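To find a chain, count down the sequence lines: A is the first, B the second, and so on, and within it residues start at 1. From a predicted model like this one, the values you see are computed outputs, not experimental measurements.
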Protein chains: 2
Amino acid sequence: MADGGTKTGAGRVTIRTVAEDAGVSVAAVSKVMRNAYGVSEALRLKVEASIARLGYRPSVAARGMRGQTFTLGVLLVGIDNPILPLIYGGIEGVAEAAGYKIMVGVGAARMQTEARLIEQMLDNRMDGLILVASRIAGDVLERYARQIPIVVVGHHEPSARHFDTVNNDDRQGARIAVGALIDAGHRDIAMLALPHPEDHQANVSPQRERGYREAMAAAGLSSFARIVHMPQPEVPRHAEMTALLSGPDRPRAVFCWSDLDAIPLINVAHELGLRVPADVAVVGYDNSQVAAMPVVGLTSVDQDARGLGEAAARALLSRIGGRSEVSHVILHPRLVCRTSHR
Amino acid sequence: MADGGTKTGAGRVTIRTVAEDAGVSVAAVSKVMRNAYGVSEALRLKVEASIARLGYRPSVAARGMRGQTFTLGVLLVGIDNPILPLIYGGIEGVAEAAGYKIMVGVGAARMQTEARLIEQMLDNRMDGLILVASRIAGDVLERYARQIPIVVVGHHEPSARHFDTVNNDDRQGARIAVGALIDAGHRDIAMLALPHPEDHQANVSPQRERGYREAMAAAGLSSFARIVHMPQPEVPRHAEMTALLSGPDRPRAVFCWSDLDAIPLINVAHELGLRVPADVAVVGYDNSQVAAMPVVGLTSVDQDARGLGEAAARALLSRIGGRSEVSHVILHPRLVCRTSHR
DNA sequence: TGATTTACGTAGAACGGTGCACGAAGCCGC
DNA sequence: GCGGCTTCGTGCACCGTTCTACGTAAATCA
């Protein structure tokens, strides 16, 4: 009801329409919208009544030219990793409660695409940016961070000075996962990791590799430790996985850097006629929805994805609010036990 | 290289900076950017050189106030349905090739959230909108369509006059799926559908129900036909599925409206100790990635999600380009056979 | 009561582009 | 050598907000 007749050009209801309708100045309406200082109760009520009656909605474009857009940009590396919806949900919850909108940018994991997306967010005058599992190097981010508040999720940059980071403790998560396999009696435990990245310690996979090595060393199993690096994320990993599980030195247990690889690995085992966990035990990372399915039953490290999203949004809002000291948040992961590891 | 020093406020490089650098007027630069009529080769080269040298990027906000933003809004019902990345990929490919950016809005399947997102896209001055699997009623869409070009994917509105639709033939897809079950020798074939929607024929589930009934009737199996409507999408469907598969009148085969329900159903069967397909055969819809996993092996209808996205983007661009006659595209689905149906 | 502060409201200049109306050439034919 | 037509390029009025500076009325203090 009260359609407002918001047709482009013609009868579009702008801040001026509201001002006339309420019999006040344009600036007064603007003040009410931003609930700025210096507006009486009477004025506020009058203006709010007009806004409601006319169905006025401020133009983000016009806003962006001078002030804030009240919109946060969220960059997702891809849309297919099942952990992203959870992180996104956390971000959205906090942002919405604070009156902020979200604009999502979806980029393949290629660095060039990501940089393009950041520029695009800049062009669109976002108030701040959250990058989820970005591959962009720290110094590049520092440069962008001078132009816009940035929070990075799933990317370790503990020495960053101009942008914040939010992560789970990937080393600890890996230690817990490997510990569970050791407790279950396994000794010959391999790890499946991402291809070796250039920017070594920033990404999550290398962090989990460190935790893996530490746990193996602590149990005196360093001689069994071996890390298998998968090929590029694009190409199918089927052949490598088959090779790993069908060779003569097949490991008795595998810790995977992510469910994204653990679940295909279980499938390969199934194809080869290997029983999980009797012939090969598997633990993953991320506790994705598919992992929870009974036919999969994957034991996996839960990094509280929603909590990550919430922490990231809170950090970004406080930065937009003026904070300038850096903040690096670390959440603690926990293991969710199912049938695949013992 | 050539960082451009794009700091907010201070040295930001605007269209004016470029104009000065190239020694031409602001309007001339604007013309070059939009490659508008009336600009000589010499001028264009001069301006383009300056743009490249300064690293100039036009402000979307400022653009949106008068002209186009060259940005398309894409509304996804949620971020977790595995078919969405494919549709999105199709949209993106076509849009990018045409020089358009994409802004994604993610909304839970609640109608109110969706309407809010459309308004948000309007506020952001998108040039056009693609709604994927929206639940919004046709007449509401017609109203929005007067304000902005709209294309709807996965929502049948064959009589819509002011917005376009792109769909696969859901009736035909259902007939193919049921036909495969009949060919495999099944007679007692049930269908798992969404809860009864208010807006009956627009959503995909009712369309697939029609196809199911037609196929059963054509095979003289109408007496076996029964459609089980699941509860709301939010609540867990586990109890209903368990009831369906453990009752005395357990069906021998089930056609599911979507892999989203077919995969949980396979898991429930697994929990109950039922073998698939020996004890109960299953066919899904969407041919999602999880369906293709060997441990799942779900036979499913493939609706060429990428093709849907591409067709939608093409339709939207042609509407933005001025087309006013309505266009309703229908793609043909095909069955991907795996182990779950025979 | 007069001086000083405080609270409220307003006018008008930005912000960074677009698009219209117009003027200056250059080219033509006669 | 003078109208008429194109082809280019420019000046300027917008678009819908925010924000600074300022004026005025009410409240507080000496």
> Starting at atom CD of A:Glu20, determine the distance to atom P of C:dT10, rounded to an integer number of angstrom.
13 Å
> Is there a salt bridge (charged side-chain N to carboxylate O under 4.0 Å, His left out) between B:Arg16 and B:Glu20? Walk through the geometry before answering.
CA-CA 6 Å; B:Arg16 242 163 291 267; B:Glu20 280 169 29; over 6 Å; no
> Would you confirm whether A:Asp127, through its side chain, and A:Phe70, through its main-chain N or O, come within 3.5 Å as a donor-acceptor pair?
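Yes: the side chain of A:Asp127 pairs with the backbone of A:Phe70.
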> Salt-bridged, A:Arg146 to A:Glu142, with N to O below 4.0 Å?
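No, A:Arg146 and A:Glu142 are not salt-bridged.
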> Of B:Val104, B:Ile102, B:Leu86, B:Leu316, which meets side chain to side chain contact (heavy atoms under 4.5 Å, CB included) against B:Ile91?
B:Ile102
> Provide, to the nearest angstrom, the distance between the CG atom belonging to B:Asp127 and the P atom belonging to C:dT18.
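Distance, rounded to whole Å: 12 Å.
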> Report the nucleotide, chosen from D:dT17, C:dT18, C:dT10, that has the shortest atom-to-atom distance to any side-chain atom of A:Thr14.
D:dT17
> Identify all pairs in which a protein N or O lies below 3.5 Å from an N or O of nucleotides 24-27 of chain C, and state each distance.
none

> Checking B:Leu122 against B:Tyr144 for the side chain to side chain contact (heavy atoms under 4.5 Å, CB included) test, could you report, in this order, the C-alpha distance in whole Å, the side-chain angles of both residues, the deciding distance, and whether it holds?
CA-CA 9 Å; B:Leu122 247 30; B:Tyr144 282 124; 4.2 Å; yes
> I want to check one thing: is the phosphate of D:dT18, taken as OP1 and OP2, less than 4.0 Å away from some side-chain N or O of A:Arg63?
yes
> Between B:Met65 and A:Gln68, which residue's closest nucleotide on DNA chain D lies nearer the 5′ terminus?
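By nearest-heavy-atom nucleotide position, the 5'-most residue is B:Met65.
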> Indicate whether OP1 or OP2 belonging to D:dT17 is found under 4.0 Å from a side-chain N or O atom of A:Ser59.
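So the side chain of A:Ser59 is outside the cut-off, no N or O lying under 4.0 Å from OP1 or OP2 of D:dT17.
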> Check every atom of C:dG16, C:dT10, D:dT17 against the side chain of A:Pro58 and return the nucleotide holding the closest atom.
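Given the options C:dG16, C:dT10, D:dT17, the side chain of A:Pro58 is closest to D:dT17.
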> Looking at DNA chain D, which of residues 35-46 of chain B put a heavy atom within less than 4.0 Å of it?
B:Tyr37, B:Gly38, B:Val39, B:Ser40, B:Leu43
> State which of D:dG9, D:dT18, C:dG16 makes the closest approach to the side chain of B:Lys31.
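Looking only at side-chain atoms, B:Lys31 lies closest to D:dG9.
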> Looking at every heavy atom in both A:Leu72 and A:Ala95, which two are closest together, and how far apart are they?
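That closest heavy-atom pairing would be CD1-CB, 4.0 Å.
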> Respond yes when some side-chain nitrogen or oxygen of B:Ser25 is under 4.0 Å from OP1 or OP2 of D:dT10, and no when none is.
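For D:dT10, OP1/OP2 do have a side-chain N/O of B:Ser25 under 4.0 Å.
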> Between C:dG16, C:dA11, C:dT18, which nucleotide gets closest to the side-chain atoms of A:Ala27?
C:dA11
> Which heavy atom in A:Ile136 sits nearest to a heavy atom in A:Ala115, and how many Å separate them?
CD1-N, 4.1 Å
> Whole angstroms only, please: what is the CZ-C1' distance between A:Arg34 and D:dG16?
13 Å
> How many Å lie between CZ on A:Arg125 and P on D:dT17, as a whole number?
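Atom CZ in A:Arg125 sits about 17 Å away from atom P in D:dT17.
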> Which atom names give the shortest non-hydrogen contact between B:Val32 and B:Arg44, and what distance separates them?
O-NH2, 3.9 Å
> Evaluate the criterion side chain to side chain contact (heavy atoms under 4.5 Å, CB included) for residue pair A:Asn124 and A:Met103; output intermediate values, then yes/no.
CA-CA 10 Å; A:Asn124 278 87; A:Met103 170 166 168; 3.9 Å; yes
> So, A:Ser318 and A:Arg323: side-chain donor and acceptor under 3.5 Å apart, yes or no?
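A:Ser318 vs A:Arg323: donor-acceptor pair found between side chains.
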> Taking atom P of C:dT18 as reference, at what distance in whole Å does atom CZ of B:Arg16 sit?
11 Å
> Can you measure B:Met33 atom CE to C:dT18 atom C1' for me and round it to whole angstrom units?
12 Å
> Go through the steps for B:Ile118 and B:Glu114 under the test side chain to side chain contact (heavy atoms under 4.5 Å, CB included), then give the verdict.
CA-CA 6 Å; B:Ile118 295 185; B:Glu114 282 192 65; 5.7 Å; no
> Under 4.0 Å between a side-chain N/O of B:Arg66 and OP1 or OP2 of C:dG19, yes or no?
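Checking B:Arg66 against C:dG19: no side-chain N or O falls below 4.0 Å of OP1 or OP2.
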> If I compare all heavy atoms of B:Ile320 with all of B:Gln68, which pair ends up nearest, and what's the gap?
CG2-OE1, 4.1 Å
> To the nearest 10°, let me know how far the axis at one end of the helix from C:dT1-D:dA30 to C:dC30-D:dG1 is tilted from the axis at the other, five pairs an end.
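For the helix from C:dT1-D:dA30 to C:dC30-D:dG1, the axes at opposite ends meet at about 40°.
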> A:Ala62 side chain: which of C:dG19, D:dT17, C:dT10 is closest?
D:dT17
